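Just so it is clear: chains get the letters A, B, ... in the order the sequence lines come, proteins before strands, and each one is counted from 1. All of these numbers come straight from a predicted model, not from anything done at the bench.
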Amino acid sequence: MEFEAVIGLEVHCQLKTQSKIFCNCSADFGAPPNTHTCPVCLGMPGVLPVLNKKVVDYALKLALSTNCTINKKNVFARKHYFYPDLPKGYQISQYELPIAEHGWIEIETPKGGKRRIGITRIHMEEDAGKLIHHDTRPISYVDLNRTGTPLLEIVSEPDIRTPEEAGEYLKRLRELVRYLGISDGNMEEGSLRCDANISLRPKGETKFGTKAELKNMNSFRHVQRALEYEIRRQTALLLDGKQVEQETRLWDEARGVTLPMRGKEEAHDYRYFPDPDLVPLEIDEAWIKEIKKTLPELPQEKRRRFVEEYGLGSDDAMVLTSSKELAEFFEATLKGFNEPKKVANWIMVELMKFLNQDGIEIHECRVTPTHMAELLGLIEKGTISGKMAKEVLEKVYKTGTSPGEIVEKEGLSQVSDEDTLHAVCQEVMDENPKEVEKYRAGKKKVIGFLVGQVMKKTKGKANPKRVNEILIELLG
Amino acid sequence: MKISREEVLHVAELARLKFSNEEIDLFSRQLNDILVYIEKLNELDTEAVPATTHAHELKNRFRDDASSPSLSPEKALENAPEKEGSQFVVPRII
């Protein structure tokens, strides 16, 4: 029997605000333990949490960019459970009235098509603290710096069918929060966290099977691998006539398996109720309008525009818009050298080779759009060859010196003086009489060797096209 | 009875409270009395009254996104039953 996977993702996205969601403590990461706490986030009795307006602004940005319906009336609710990283004994979240519902994100399918993945809801909530378990002693340390930092939870519809689609959905979501500037979107560092619900059903069946909830996946790769493993595990169970247990399973990256969470499965009974400390939040049209005005051009629109305006292929447009910074670099380069395809190639092939080697982003490197445009201009004018340009680019990348300066200082400009080129060509012919003879006997291919010799003598500074022409003339 | 003994036990478990049989009987009775009393409110016709979550009319109270100094770790940990350096210490939970 053939099975189909039904996957839904729950993503927690850490917002890049200066302060926490309900108090003035800094939301920065990496501070010494328990230096960013106050009576509000420590859950002391009698304190009053007050909502950070920027969190609502950020939630609205994401809601508008994912085609959601925005709920005018919002209420915060208390979600109760006991855990040492949760000092109040409840988490302030949203339950019945989340800020946004019924949206979608468009993903690309492997066959080049597009598919919409539904978004059930987006809600605002506070994060919990951090636990560090001692290696040998039976204790855990609690750091409450993260307690109360703002999160958006984005819940997808069970629309995802393959691990690849799950990865694609996450990539699009990460791209979006980065374009919007509301989160770092870094899974490895925990600013984007993903849990997955997955069940199988026979192909063609419309009812859902029993699902497992997967946790502890810290990268796109982990998510994909965990889902692949889970499909194999559940398929084997079903083919054996066994049942899939509804349970939470943790991904074990080292062993490449999912394992049931240890200990007794707590029956979830969160006893949500409206938080009496936080007054209702009402969002009017004016607020939504104001946020709409701040939205940047989103990745999908940018991609479409790059294809239409610059005549790029959709794959190239995809790469160049994968980050806002890269897209900006590309367009800024065009201002100094207006040949989109050439610019695209040089950025994607040559420059990105260095970036990938060092694992850095475009805005972290020394090459500027002005450098890039200048370099391409030098090739265009015939001052340097394309091959030489690659070497120059490497030097720009390493030193931040402009291409023009490098070419001048190191004497890299092409020998275009006709007399000099003629002399070198003649010299090479004199030194290689056999090859000259072969050429004249009809083995025209030999010319490649002779051009190579001239390039060697001029240390790559001759224009190979011109050398070729001169040689043909002299050999003729 | 408005509340069963099982429900009382469940609520106690969620709150990590342990009671004797006599206490469970007592609390079941008391909780039941409270619920019966509150049920009186259902006699009112609230058909035309919109559902509400708060007793007052306040809405949209915000803070600007600015941080101010936090407590010192010494102060934050003052009430901790157990601590090490600037960390709270709890029994290992996994």
Item checked: Side chain / backbone / both / neither for A:I139 at chain B, heavy atoms under 4.5 Å -> both

Check: Quick one: does B:N79's side chain get under 4.5 Å of A:M44's, heavy atoms only?
Finding: yes

Notebook entry, point to check: Relative to chain A, which segment of B:A55 carries a heavy atom at a distance below 4.5 Å: side chain, backbone, both, or neither?
Noted result: neither

Note to self: I'd like to verify something: which residue of A:S19, A:G89, A:P138 has the highest number of heavy-atom pairs under 4.5 Å with chain B?
What the structure shows: A:S19

Item checked: Under 4.5 Å from a heavy atom of chain A, the part of B:D64 involved -> backbone

Next item on the list: Could you tell me which residues in residues 39-46 of chain B have at least one non-hydrogen atom under 4.5 Å from a non-hydrogen atom of chain A, sorted by residue number?
Entry: none

Next item on the list: Examine whether an atom of A:R137 lies under 4.5 Å from a heavy atom of chain B, and if so say whether it belongs to the side chain, the backbone or both; otherwise answer neither.
Entry: both

Margin query: Strictly distance-based, threshold 3.5 Å: is any side-chain N or O of B:R92 a donor or acceptor partner for the main-chain N or O of A:H134?
Written below: yes

Note to self: A quick test of your reading: do over 12 heavy atoms of other residues, nucleotides or ligands sit less than 6.0 Å from CD of A:E96?
What the structure shows: no

Notebook entry, point to check: Between A:S26 and B:S70, which heavy-atom pair has the shortest distance, and what is it?
Noted result: N-OG, 4.4 Å

Item checked: Most chain B-contacting option - heavy-atom pairs closer than 4.5 Å, from A:P32, A:G129, A:P84 -> A:P84

Check: About how many Å separate CZ of A:F76 and OG1 of B:T53, when rounded to the nearest 0.5 Å?
Finding: 11.5 Å

Next item on the list: Count the heavy atoms of every other residue, nucleotide or ligand shown that sit under 6.0 Å from CD of B:E7, and state whether that count exceeds 12.
Entry: yes

Checklist line | Distance-only polar pair, side chains of B:S67 and A:N24, donor-acceptor under 3.5 Å | finding: no

Notebook entry, point to check: Rounded to the nearest 0.5 Å, how far apart are CG of A:L281 and CZ of B:R61?
Noted result: 12.5 Å

Check: Is there a side-chain contact between B:H10 and A:D269 (heavy atoms, below 4.5 Å)?
Finding: yes

Check: Where the side chain of B:D65 meets the backbone of A:K54, is there a donor-acceptor pair that is under 3.5 Å apart?
Finding: no

Margin query: Using heavy-atom distances under 4.5 Å, tell me whether A:D275 contacts chain B through its side chain, its backbone, both, or neither.
Written below: backbone

Checklist line | Heavy-atom proximity to chain B below 4.5 Å, by part of A:V50 | finding: both

Notebook entry, point to check: Do you know which of A:K73, A:H80, A:Q18 has the most heavy-atom pairs with chain B at a distance under 4.5 angstrom?
Noted result: A:Q18

Check: Is there side-chain contact between A:N52 and B:F62, with at least one heavy-atom pair below 4.5 Å?
Finding: no

Check: Do the side chain of A:N34 and the main chain of B:S86 share a donor and acceptor less than 3.5 angstrom apart?
Finding: yes

Next item on the list: Measure the spacing between OG1 of A:T35 and CG of B:L71 and express it to the nearest 0.5 Å.
Entry: 11.0 Å

Check: About how many Å separate SG of A:C38 and NZ of B:K75, when rounded to the nearest 0.5 Å?
Finding: 13.5 Å

Next item on the list: Tell me, for A:I132 versus chain B, whether the close heavy atoms (under 4.5 Å) come from the side chain, the backbone, both or neither.
Entry: side chain

Margin query: Once rounded to the nearest 0.5 Å, what's the spacing between atom CZ of B:R16 and atom CZ of A:F82?
Written below: 6.0 Å

Check: When you look at NZ of A:K130, are more than 12 heavy atoms from neighbouring residues, nucleotides or ligands closer to it than 6.0 Å?
Finding: no

Checklist line | Part of A:F22 within contact of chain B (heavy atom distance under 4.5 Å) | finding: backbone

Margin query: Taking CZ in A:F273 as the centre, count heavy atoms belonging to other residues, nucleotides or ligands within less than 6.0 Å. Is the count above 12?
Written below: yes

Item checked: Residue A:L131 versus chain B: region with a heavy atom under 4.5 Å -> side chain

Notebook entry, point to check: Going by the ring pair (Phe, Tyr, Trp, His ring centres under 6.0 Å) test, which pairs reach into residues 42-61 of chain B, not counting sequence neighbours?
Noted result: B:H54-B:H56

Next item on the list: Measure A:P276 against the heavy atoms of chain B and call it side chain, backbone, both or neither at under 4.5 Å.
Entry: backbone

Next item on the list: List the atom of A:C23, the atom of B:R63, and the distance in Å for their closest heavy-atom pair.
Entry: O-NH2, 2.9 Å

